[in-house]
Amino acid sequence: MRTRKILAFLCALVLIVGLCACDGGGDAAVTPTEVPSPTSEPTPTDIPATPTPTPNPLDSVSIKDLYKNEFKVGVALPNSVIGNAVLKNEIVTNFNSMTLENESKPSSLLDINASQKGLPDTYTEPKVKFDSLTKGFDFAKENGMSVRFHTLLWHEQTPRSFFTEDYTQSGTLVSREVMLKRMESYIRQVMKYVSETYPGLVYCYDVVNEAINPGDGDPNGLRVKSSFWYQVVGPDFMEYAFAYARKYAPEGVDLYYNDFNCYSKKKQIIDNLTPILQAGNIDGIGMQCHLDTHSSVAREVKATAQEFTKAGFKVQITELDIGTSNTESGFEAQAMKYKVLFTQIQKAKQEGTIDIDCITIWGLHDGVSWRGSEYPLLYSWNGLQVKRKRAWYAVVQDPSIRAIEY
Ligand code: GLA
């Protein structure tokens with residue numbers, strides 16, 4: 001009995017000394033009562049809770065897959081974003097259409113120096129260069145994305161020198177006949193290069209961008225004052241542009257007219273484009289959709305797209321972004337607007353009232369948006385990585401985001 005007591009005392013002593021020795025490691029002191037009995041099975045309460053973040057099941061959704069039965073989902077990308085390996089996975093997971101933000105515009109493709117130097121041969125055959133397309137088109141091709149080409153004719157990002165006798169910025173404007181030849185040559189060279197170098201990659205072209213601006217002096221609402229196309233060729237320049245585009249576009253490639261605030265000028269758009277549609281030279285209307293949280297999806301987007309569909313045009317939303325304030329409530333309102341837009345347009349496509357082919361978001365993350373101070377895109381950017389915003393979850397139809405607009 002006495003020996004047992006001594007043994008028990010010695011055991012307790014060993015245990016206490018052992019525990020004290022462990023205490024030096026910086027861990028919280030453990031009292032003997034907390035030591036689990038070595039023979040008993042650990043119960044759930046014995047296992048310390050590990051704070052693992054709960055994965056959001058929506059994180060495994062791919063935007064492009066979610067809408068694959070209704071329309072493609074695109075993103076506009078500048079070369080700087082395309083080159084960023086960190087962003088690649090997010091891009092190819094979520095988008096199946098791509099627009100080069102600036103690299104396929106006339107200011108990027110026209111080789112004005114070579115056109116000047118090459119005179120008189122280049123007088124009606126401007127020189128065109130294509131290196132700005134390589135990075136983006138290669139990326140799209142390697143990653144199974146289709147490309148919407150933006151844009152052949154535009155009054156902006158097209159130097160005045162394209163329209164002058166000697167290809168200088170201050171030269172004399174050429175005649176209508178010469179400009180029509182330059183127009184045809186430019187469209188032919190671009191479409192030939194693209195279809196030969198990247199067969200099947202480009203599925204649609206914006207042939208003309210932003211040519212309608214009611215109140216600018218033309219009886220049919222065409223843009224006049226800032227457009228050299230209008231001033232040099234005349235009010236029928238769009239008919240020629242679409243006829244040339246049809247002549248050189250590969251079979252099955254769609255031709256689009258693209259504009260902003262379409263709801264405010266839908267009558268002029270339809271009236272100006274209907275003869276071109278009847279001639280078989282246009283397929284669709286691109287609605288840019290630079291919106292904010294007060295824009296009405298029902299009126300500005302859905303009803304307008306329905307009218308274009310009724311008039312016989314395909315539709316695309318080509319430059320979607322939704323500006324907001326840098327506050328939690330602002331981002332929630334933005335998410336609601338994105339959800340309303342995607343769900344309403346999806347429903348209208350399913351019901352057959354909008355013949356829509358693609359919705360393109362105008363940029364990947366707020367850090368590269370042309371409206372950066374309005375945080376209009378689906379991702380934020382911390383300088384190293386993108387983060388999905390509420391707006392991203394809205395597009396994948398997160399049930400916690402209400403799809404209503406006021
Ligand atoms: C217009 C053009 C786009 C782009 C934006 C501003 O909407 O169509 O190509 O230049 O302006 O980024």
Side-chain angles (χ1 to χ4, degrees), residues 67 70-77 95-106 145-158 187 190-191 194 202-213 221-223 227 229 238 241-242 245-246 249 252-274 276-277 281-291 295 297 300-322 341-342 345 348-349 354-363 370 376:
Y67 295 98
E70 287 86 24
F71 41 76
K72 289 184 272 300
V73 184
V75 60
L77 300 172
F95 304 100
N96 46 14
S97 171
M98 188 186 82
T99 309
L100 293 183
E101 191 169 346
N102 290 301
E103 291 76 0
S104 51
K105 291 174 176 171
M145 299 171 85
S146 300
V147 171
R148 80 177 311 278
F149 187 103
H150 173 76
T151 171
L152 290 168
L153 267 68
W154 191 19
H155 65 286
E156 280 182 29
Q157 292 188 255
T158 307
I187 292 173
V190 171
M191 286 187 156
V194 169
V202 169
Y203 68 101
C204 69
Y205 281 82
D206 283 338
V207 178
V208 178
N209 195 30
E210 302 179 348
I212 293 169
N213 188 27
L222 293 173
R223 178 182 300 280
S227 171
W229 284 115
M238 280 213 280
F242 278 98
R246 186 62 92 211
V253 168
D254 283 343
L255 305 179
Y256 274 77
Y257 172 78
N258 191 52
D259 213 333
F260 61 90
N261 291 354
C262 290
Y263 66 93
S264 68
K265 47 188 175 188
K266 58 190 170 206
K267 185 182 172 341
Q268 291 87 346
I269 292 177
I270 291 173
D271 289 352
N272 278 290
L273 299 181
T274 296
I276 301 173
L277 183 71
N281 292 336
I282 185 172
D283 299 289
I285 298 173
M287 300 168 57
Q288 292 184 6
C289 293
H290 296 295
L291 309 179
S295 310
V297 167
E300 296 175 26
V301 185
K302 188 177 160 192
T304 308
Q306 284 170 328
E307 283 199 42
F308 290 156
T309 298
K310 234 187 225 164
F313 297 91
K314 289 187 186 180
V315 172
Q316 286 197 14
I317 291 175
T318 54
E319 303 185 16
L320 178 63
D321 48 16
I322 304 179
L341 191 143
F342 271 83
I345 300 299
K349 169 79 183 206
I354 299 181
D355 183 10
I356 187 160
D357 184 39
C358 182
I359 297 183
T360 295
I361 316 274
W362 197 248
W370 71 301

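A cation-pi arrangement, defined by a distance under 6.0 Å to the six-membered ring centre and an angle within 45 degrees of its axis, is absent between Lys314 and Phe308.
Distance CE/Met287 to SG/Cys262: 5.5 Å, rounded to 0.5 Å. A distance of 7.0 Å separates SG of Cys358 from CG of Asn96, quoted to the nearest 0.5 Å. Here the straight-line distance linking atom CE of Met145 with atom CE of Met98 works out to 6.5 Å at 0.5 Å rounding. If you take SG on Cys204 and CG on Leu255, they are separated by 9.0 Å, rounding to the nearest 0.5 Å. Expressed to the nearest 0.5 Å, how far CZ of Phe242 lies from CG of Leu152 amounts to 9.0 Å.
Using modelled atom types and a 3.5 Å distance limit, the side chains of Asp254 and Gln316 yield no donor-acceptor pair. Counted by atom type alone, Trp154 and Asn258 present zero donor-acceptor pairs between their side chains at under 3.5 Å.
With a 4.5 Å cut-off on side-chain heavy atoms, Val301 and Ile317 count as touching. The closest side-chain heavy-atom distance from Leu341 to Leu291 is below 4.5 Å. Here the side chains of His290 and Trp370 are in contact, with some heavy-atom distance below 4.5 Å. Side chains of Tyr203 and Ser97 form a contact here, defined as non-hydrogen atoms less than 4.5 Å apart. When side chains are defined from C-beta on, Asn209 does not count as touching Glu156, because their heavy atoms never get closer than 4.5 Å. Thr158 is not listed as a side-chain neighbour of Lys105, based on a closest heavy-atom distance of 4.5 Å or more. Put simply, the side chain of His150 does not reach to within 4.5 Å of the side chain of Leu100, judged on heavy atoms. Put simply, the side chain of Val194 does not reach to within 4.5 Å of the side chain of Val147, judged on heavy atoms.
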Inset, instruction - With side-chain contact (heavy atoms from CB on, under 4.5 Å) as the test, would you mind laying out the steps for Ile361 and Glu319 before giving the verdict? - result: CA-CA 6 Å; Ile361 316 274; Glu319 303 185 16; over 6 Å; no
Inset, instruction - Go through the steps for Thr318 and Thr99 under the test side-chain contact (heavy atoms from CB on, under 4.5 Å), then give the verdict. - result: CA-CA 9 Å; Thr318 54; Thr99 309; over 6 Å; no
Inset, instruction - Decide side-chain contact (heavy atoms from CB on, under 4.5 Å) for Asn213 and Gln268; before the verdict, give the C-alpha distance in whole Å, the side-chain angles of both, and the deciding distance to 0.1 Å. - result: CA-CA 9 Å; Asn213 188 27; Gln268 291 87 346; over 6 Å; no
Inset, instruction - Please report the C-alpha distance between Leu320 and Ile359 in whole Å, then the side-chain angles of each, then the deciding distance to 0.1 Å, and finally whether the side-chain contact (heavy atoms from CB on, under 4.5 Å) criterion is met. - result: CA-CA 7 Å; Leu320 178 63; Ile359 297 183; 4.0 Å; yes
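The six-membered or imidazole ring of Tyr256 lies away from that of Tyr205, with a centre-to-centre distance of 6.0 Å or more.
Counting all heavy atoms, side chain and backbone alike, Glu210 lies closest to His155 at OE1-CE1, 3.5 Å. Between Ile354 and Ala305, the shortest heavy-atom contact is CD1-CB, 3.6 Å. In plain terms, the two heavy atoms of Tyr257 and Ile212 that are nearest each other are OH-N, 3.0 Å. What you find for Ala76 and Thr360 is that their closest heavy atoms are N-CG2, 4.0 Å. Residues Arg246 and Ile282 share a closest heavy-atom pair of NH2-N, 3.7 Å. The shortest heavy-atom contact between Tyr263 and Thr304 is CB-OG1, 3.3 Å.
Phe342 and Tyr67 have tilted rings, their planes meeting at an angle from 30° to 60° on a 0 to 90° scale.
Of the residues Asp259, Asn272, Asp271, the one that meets the side-chain hydrogen bond (donor to acceptor under 3.5 Å, both in side chains) test with Lys265 is Asp259. Among Thr274, Asp283, Ile269, the single residue meeting the side-chain contact (heavy atoms from CB on, under 4.5 Å) criterion with Phe313 is Thr274.
With sequence neighbours excluded, no residue forms a salt bridge (charged side-chain N to carboxylate O under 4.0 Å, His left out) with Arg223.
Looking at Asp357 and Arg148, no side-chain N of the basic residue comes within less than 4.0 Å of a carboxylate O on the acidic one, giving no salt bridge.
Listed for the Ser264 side chain is a donor-acceptor partner under 3.5 Å among the backbone atoms of Asn261. Between the side chain of Thr309 and the backbone N or O of Asp355 there is at least one donor-acceptor pair closer than 3.5 Å.
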